[in-house]
Amino acid sequence: MSLLREHWRKLALLIVGAGVAVVPLFVTGTDARYVLKVLSFVGINALIVLGLALLFGYAGQVSMGHAAFFGLGAYASAWVTKSLGLPWLVGLAAAVLLTAAAGILLALPSLRLKGHYLAMATLAFGEIMRIAFVEAKGVTGGPDGLSGIPYASIGPLSFDTPQMNYWLVWGVLVLAIWLAANIVNGRPGRSMRALHGSELGTMASGINITGIKVRVFTLSAVFAGVAGALYASVVGFVSPSTFSLHLSVILVAMAVLGGTRSLAGPLLAAVVLTLIPYADAILPGLSREVMTVIQEWEADVYGLVIIIVILFMPGGIAGALRGVFVRGGEAK
Amino acid sequence: MGAPELLQFALAGLKNGSIYALVALGFTIVYASTGVINFAQGEFVMLGGMLSVWAHSTLGLPLPLAALIGILGTAVIGVVFELLAIRPRKDGDPLALIIITVGGSLLLSNLARHVFGPSERSLPAFTAGPSLRFLGATLERQSLWIFGLTALAVVVLTVFYSRTRLGRAMRACSINRTAARLVGVDPKRLVTISFALAAALGGLAGVVTTPLTQTAFNVGSSFGIKGFAAAILGGLGNPIAAVIGGLVLGLLESMSIAFLSSTYKDAISLVVLLLVLFIRPQGLLGRGGREKV
Amino acid sequence: MSLLQVREVTRSFGGLIAVDRVSFDVHDGQIKAIIGPNGAGKSTLFNLLTCFDRPDSGSVLFEGRELFGERPDRVVRMGVARSFQNTQLFEEMTAHENVILGTHARSGSSFTPAALRLPSARKRDDLASQEADRLLRLVGLESWRGSLAADMPHGLRRLLEIARALATSPRLVLLDEPAAGLNTQETTALGEVLYRIRDHGATLVIVEHDMGLVMEVSDEIVVLDRGCKIAEGPPRLIQKDPAVIRAYLGEEDADEL
Amino acid sequence: MIVNTRKVLILFLAALLLAVPLVGCSSDGGKDTSEKPAEVKDPYRIGAVLSETGTYAGLGAPERNTLEMEVAKINDAGGVNGHPIEIVFEDDATDPDTAVAATTRLIDKEGVMAIIGATGTGATMAMRQEIDRAGIPQLSPAGGTAVTASFDPLVFQTPWSNSLVVPFELAYIKKQGITKIGLIADSGGFGKDGAGVVKEKVAGAGITIVAEEAFNAGDTDMSAQLTKIKAAGAEAVLMVTAGKEAATVAKNMMDLGMTVPLFGTHGNARTEFIEGAGAGAEGFRFAAGKILLPESYDSGSESYKVATEFIDEYSAQFDKAPDTFAGHAYDALHIIINAMMTLDEGFTPAELRDAIEATDGFVGIGGVFTYSATDHNGMTEDDLVMYQVTDGKWVLAK
C-alpha cells in the first residue's frame, strides 16, 4: 500500500512537473509575455504562502512580518548581483542565509509569545525592517529603490525571457512543494501533528517543541527570502513600498483561507487571490470594461472573498477539498 | 534643552498617546468578549472622521450633531459588521474571526473610498481660539478635548464593567463564555454590544482627531497599528492597561524625537515594544501566570 | 550510586504545601512505588520528577545530574520517560504511529534529511517502524497496530502510552496510575508488562492506587501523606507500618492493606 | 497524510489542465487590429498606468479624469491626423509589481505605442524594465528626482522635480534674509527625495540647516519635531511632503506659537491643504508652476489661454478645480499628441520617442516644455513662481 502510494506520488510529481514545464509552449499569443509574467507573480506569492501554510497550518504560528523576509531576500540578492556584480546563485545564497539568520533571531525570543503577542512581535519586526529598507540608502537605494537588477542566471543559462522566468519561478516552487510535502509527511510533520493532538504527550515523547517551531519559522522565512530573490530578478526593480504590512496581512489571509494542515488549500488560495486583478490572463474573454471594474473594486472583492470563504467554508479551502475528496469515494 | 521644551515634548507625547489609547480601548473591548484582535478597529476611526465630515460639510449640520452622527453611525456599522460577518461563524474560532476582520478592514476602507472619494477631508476645531500657554509650553484646545474624552471613556468603561449587570456579564464572558449564560445574558448579544462599543470609541477617536490631522479613506491602518501596539504594550486586559499602553507609546515616540531621532522614532518605539514583549510576554499590565500541566 | 536521588523536594501552591521536603532514592533495576491517600501529593511529586512542574526547593539527581530546571522534553531525552494519569495520546494517529513518535526522542525530528528524503532518513524511519512493532508486541498490542488511538479501549490506551514511553529508550520509566480503570484481568496483564519492562533493563517508578498490584510488583514503596514522606521500605514492612495504617484509616483503601 | 501530497499534486494538475486550454485560447483571441499596418481611422492606443486605488488614489483620480476629458476633446476635434486616440487605463494600486504587470499587459496585449504613468515614482521606476524591452516612450507624471536623474532615453517627466523646485525656493528664502532653516520632511519617497536635494543645495544658496526632522505618513502630531526646530533657532521652516500631514505641520506651528515663516513645495499645491490647515495655512509660501493662478501669465499669452481653458473645462465637468496632478497628466498626454502630429503615417515607437524628445516650447499646464537628449524634465525655473496663502486663497507671493 505504502509502496503504491510512493509510486503514485512520484508519478504525480512527474506529471505536474511536466505540466508546469509545458505551459509556456501553449502560451504563444501576443500577450504571452503578460500571461507568463502574471504566472510568475502567482508562483512567487504561492512560494511565500507555502511557507506560511507550514508555519500556520502545521506549527500553529502566525507571522505578520513575512513581507520583511520577502524584502530581505529581494534586497540581498539584488545587492549581491547588481551592486557587487556577483553571480545570481551567490545572490540566492545570500538571500537564503540572511533570511535564515533573521528568521532564527526573530523566532528564538518570539516563540515564547502566544497568539496576539506573537502577531504583534512579528508585525513590529516587519515595520522595523521596512524602515530599515527606506533608511539604508547605500544598500537598498532608499525609497527610490534599486533598479536594473540583472536577470537570474546559472552559469551560461540566463533566465532573461518571460518563459525562462516562468520556468525558474515554477521550478523553484515545485521543488519547494516537494520539500514541504516531505517535511509534512516525514518526522517533523509527524511531530507537528503530534503537537496538534497533545502538547503534553509531545513533550513526553521527548520532542523539542520550541526547536521544531523555530525551524518551521526559519524555513518559512527562507521560503519568503527565496521568493524575494526570484522577485528581484523577475521584476528587475525593488523598492520598500512592496514589502508592506498590507502584503504580510494578505499573505497570512491566503494561508488561513487555504485551511490548516494542508498545502494544497493555501496554494490554491494564493493562486486564485493573486489572479483576481489579472483575471484576463487566464480568462481571455474578459473585456476591458470588465477588467476596469475588477481593478476598481479589487480591494473590496478581496475583503469580501476573505469574509465569505471564512464564514461559509469553516475548514478553509482545504476543508472543502477534503469534503469533495471524501465524498468522491476516497473513504476506506 | 530647557524645561519648557521638555514639557512640550511630554504634551505632544500625551496627546498622541491619548489618541492611541482611544484606539487601544476599542481593541481591548472586542478582545475581552471574543478573544479576537479586530483589525477593522482602525477603519472605525476612519469612518468616525469620514461620517462626521460628511454630516458637517455635505449635509451642513452643526458640528456637535455631525460628531454625534460620526460616533453613532460608526457604532451602527460596527453592529452590522458583527451581525453579518462575525456572528455567522458559529464556532467563534479566534483566528478565523481575526482574518474576517482583516477582510472587513479591506472592505470598509475601500467602500469608504467609493462613497467619500479618495481625497482627504477635514473638520473645524471643536472650540476655536488660540492655544493655551503655561510654563512656556503651549497646548491647543483640541488636545483638551482629546484628553477629556479619553478620560471620560475610561471612566465610563470602568464604571460600566464594574457597576452594571451588563458590564459584569461582559467581564464574565471574557473569562468563560458559558459563565455569561449562567448570569442570564446571551453571549452573542454581548459580542454585538462589544462591537458597538468598540466602533463607537473608534468613531470618537476619528471625530476628535480629524480637526487636527484630517482624515482619508486610507488612514485606518496606521491608527490600527498604533492602537494594536498600545493594547499589546499595556497588556490585553482592562481599559486601564490600554490607556497606559497608549500613553507610554506616545511618550516613547515624542521622547525618541526629543533625544534621538525623528527618522527612527517608530523604529525605536517598536524595538522597545519588542523588548517589553520578550521580557514580559504578557505586556506591562497583563496578567502573567504559569501554564497548568 | 542510585539512579535517581530525590532530595528535600518542596512545592507549594499558594499557602498549601503539596510536597514537603521529600527525599528518597531509586536504585537501578528496581520497581519503586509511590503510594498515599488522595491529596497526598503523589501526582505533584511526579510532575516535579519529570520537570513538568518546577519545585520551590530541593534537588533531583538522575545519574548524578540535576534535573530541575531542565525542559520536560530534555529530561525525556536524558532517559526519564513517563505516562500520564489521563492518557495523553495522539488520538488521530494509529497505535503504531504513536509509538514511533516516542522514537523521535532518540533520533530527533531533524528537517534536512526529511525534507530531502535522504537515504539516512528512510533508514531511520524503517528502524523506528521496526522498533515500534517490537514495543507493541512487548505490551501485547500488536493486533492494534493500525487502529487509531481514539478507537482503542481505555485499558489498552494505557499500555499504548507505556509503549510510547519505552520507545524513548529510557533508563527510568515513571508511570502515573497505570492500573486506574483497568479490570482485574487487565491489571494482571499490566503486572506482566511491568516485569518485562524491568527485565529489559529499565527502572520503574509507579504511582498507584491498586494496592494488590503495588504489593505484588514493587521492590520498595514510598508512602506520602499530606505532602510528607511517612514511610519507605519493602512491601511487607510497609503493610505493617503504624504510620501508614493511620494515614489510610478512614479511607476505604485501608481495608485492603 | 501521504494522501495529502497526492491531493496537492492532483489539484495542481487540475488547475494546470484548466489553465492551459484557457491560456491556449487566449493566444488565438489575442490578435489585435493594431498589429496590422495602420489604416485610416484605426485608433492610436496609449496606455495609462495610474494609481486609482491604494495610497495614491487621491492623485490617480484627477489624472484619470484629465486624460478622459482631454481624449474626448481631441477625438471630437478629429483625432490625430484622422486617427482617434484610445487610452487604455490600468490601475497599479500604488504597487510596483502591479505596475509591471499592467505595463506588460499594455504593451503585449493592448499594443500601445506610448505609456503615461505611473502616478508614483516607485511604480514609474519599476516599469522601466518593460519599457526598455519594448522600446516605447514613457511619460511619467511622478515627481521623483530619480525619474529623470537616473536617465533613460525612453522616459520623460512632466512635473517639476525637486531638483528644479528646491534651488528656486532656496534662492527665494535667501532673498528674504533667512539663513538658518529647519527642515521637516516625510519619510516616504517624496519627502526623502526633496530633503536630499535640499541638503545638497543649501550650501550653494548660503543657507544652513539647523535642524532636520522627519515624520511618517499617518502621524497625528508633529509638535515634538517642531519644538526641536524651534529650540534650534531656525528662522524659517522648510517642509517637504505631498501628504495630508502637511496640514498638521502648519497647524502645529500655529499652536506652538511659532512665528517664523513656513515654506512648502509644489507637493502642497492642493486646496485640501488650505482646508485642512485652516488658519495655520495663512502666510504659507511654496513654489509651483503658474497653473494655480493663470493671471500670473500675461493675459494675452498662449500659456494663459491654455491654462484658463483647461481649468474652466475641468471645473465644469468635475465640479472641482483641477490640481497640479491633473496638470501633469494633461501635459503628458498633449506632449505625446503633439509629437504624433509631427510624424507621418505608420510611425514607429522609436520615431515617436525622437519626436517627443524634440518637443520644443510646448505650452502646457505645468510650464513650457523643451526636452533635449540630456533633459527629459524639460522645464526651467522660469516656469515657477512663489505662492502665498492669504485669506484661504493662493496669491502670488511678493
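Not measured: the values here are computed from a predicted model.
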Among C/E92, C/M93, C/M78, which residue has the highest count of heavy-atom pairs closer than 4.5 Å to chain A? C/M93
Please find the pair of heavy atoms, one from C/R77 and one from A/G206, that lie closest to each other, and give the distance. NH1-O, 2.7 Å
For residues A/G201 and C/R164, report the shortest heavy-atom separation together with the two atoms involved. CA-NH2, 3.6 Å
Can you give me the closest heavy-atom contact between C/D73 and A/I207, atom names plus distance? CB-O, 3.2 Å
Interatomic distance, CZ@A/R193 vs CZ@C/F90, rounded to 0.5 Å, equals 10.5 Å
If you tally heavy-atom pairs under 4.5 Å between each of C/E91, C/R74, C/E97 and chain A, the highest tally belongs to C/E97
If you count heavy-atom pairs within less than 4.5 Å of chain C, which of A/G211, A/A194, A/G197, A/G186 leads? A/A194
Pick one of side chain, backbone, both or neither for C/S83, based on which atoms fall under 4.5 Å of a heavy atom in chain A. neither
Spatial distance of atom CZ (C/R117) from atom CG (A/N185) [nearest 0.5 Å]: 8.0 Å
Nearest heavy-atom approach of A/P188 to C/F111 is CB-CE1, 3.6 Å
For the CG atom of C/L89 and the OG atom of A/S205, what is their distance to the nearest 0.5 Å? 9.0 Å
Specify the closest pair of heavy atoms between C/H104 and A/R187, including all atoms of both residues, with the distance to one decimal. CE1-O, 3.2 Å
Taking non-hydrogen atoms and a cut-off under 4.5 angstrom, which of residues 189-206 of chain C neighbour chain A? none
Shortest non-hydrogen contact from C/L116 to A/L179? CD2-CD2, 3.5 Å
Below 3.5 Å, can you tabulate the donor-acceptor pairs from side chains in residues 137-154 of chain C to any protein atom, sequence neighbours excluded?
{"residue": "C/R145", "atom": "NE", "partner": "C/D133", "partner atom": "OD1", "Å": "2.7"}
{"residue": "C/R145", "atom": "NH2", "partner": "C/H96", "partner atom": "NE2", "Å": "3.2"}
{"residue": "C/S147", "atom": "OG", "partner": "C/W144", "partner atom": "O", "Å": "3.4"}

